[in-house]
Amino acid sequence: DIILFISTFFWYDNSGGKMKVIVVSDSHGKDSAIQAVLEQYPQAELFLHCGDIEAEPQQYPQLVTVRGNNDIFYDYPEERVVTVGKHRIYVVHSHKFTYSRRVEQLAQKAKSLACDIVCYGHTHIAAYEVVDGVHVLNPGSLWRSRDGRGPSYAVVELEGDNVDVEFKFLPQSKSNF
């Protein structure tokens with residue numbers, strides 16, 4: 001296995017086998033949710049956080065994280081490009097993209113960076129679609145979803161050209177916060 005990290009670019013290759021990527025977003029300082037996901041997937045090759053982590057970078061060195069609109073006190077890049085096997089993944093929070101055309105704009109930006117996958121956050125709604133050949137994935141929110149399905153994250157399996165996405169939904173919190 002080879003791992004190389006340079007600035008906002010990250011490259012991972014396990015020589016052509018199946019790779020598991022765990023994608024989370026919008027945890028908003030709920031460290032127990034992040035910790036539970038990390039513990040559930042010790043065999044995952046990569047963990048991506050699409051912003052609004054609200055935690056210091058050194059707290060989760062195993063996460064490749066971008067800055068969300070609530071991460072103003074933390075030092076994360078606005079976006080990252082991660083190469084995993086044959087795939088290039090554009091990771092961004094997406095709060096700077098327009099609401100009505102966010103998915104199309106994300107796909108266009110990904111293509112401009114030679115990426116075939118986009119992982120984004122901000123909306124707190126789990127969603128996945130393929131737009132103009134680009135896999136556009138929002139894992140939802142680890143803290144509070146905005147679509148009534150409960151907090152969520154995504155498990156992405158990459159093998160060759162194949163991209164398989166599965167959402168995992170957690171029980172709704174009883175908290176009023």
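What's counted below: heavy atoms across the whole structure, side chains too, no hydrogens, waters or symmetry copies.
Remark: the Thr98 side chain and the Gln105 side chain contain an N/O donor-acceptor pair separated by less than 3.5 Å. His93 and Asn69 are linked by a side-chain donor-acceptor pair at a separation below 3.5 angstrom, with hydrogens and angles left out of the test. Under the 3.5 Å distance criterion, with hydrogens and angles disregarded, a donor-acceptor pair is assigned to the side chains of Glu79 and Tyr90. Under the 3.5 Å distance criterion, with hydrogens and angles disregarded, no donor-acceptor pair is assigned to the side chains of Ser25 and His49.
In this structure, Val163 and Leu158 have side chains that are in contact, with non-hydrogen atoms separated by less than 4.5 Å. Contact annotation: the side chain of Lys168 approaches that of Tyr41 to within less than 4.5 Å [non-hydrogen atoms, C-beta and beyond].
By the side chain to side chain donor-acceptor pair (under 3.5 Å) test, Lys111 is found to be paired with Asp132, residues two or more places apart in sequence or in another chain being considered. Applying the side chain to side chain donor-acceptor pair (under 3.5 Å) rule to Ser100 yields no partners; only residues at least two apart in sequence or on another chain are considered. In this structure Val131 satisfies the side chain to side chain contact (heavy atoms under 4.5 Å, CB included) test together with Val103, Ala107, Glu129, Val136, sequence neighbours excluded.
Of the candidates Cys115, Cys119, Ser94, Leu106 forms a side chain to side chain contact (heavy atoms under 4.5 Å, CB included) with just one, namely Ser94. With respect to Leu142, the side chain to side chain contact (heavy atoms under 4.5 Å, CB included) criterion is satisfied by exactly one of Ile34, Asp52, Asp26, Asp31: Ile34.
For the pair Arg88 (side chain) and Val82 (backbone), a donor-acceptor distance under 3.5 Å is absent.
Within a 6.0 Å sphere centred on CD of Gln108, other residues, nucleotides and ligands contribute 12 heavy atoms or fewer.
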- Task: Determine, step by step, whether Lys18 and Glu157 satisfy the salt bridge (Lys or Arg N to Asp or Glu O under 4.0 Å) criterion, reporting the C-alpha distance in whole Å, the side-chain angles of both residues, the deciding distance to 0.1 Å, and the verdict.
- Result: CA-CA 7 Å; Lys18 186 181 283 191; Glu157 290 194 348; 3.5 Å; yes
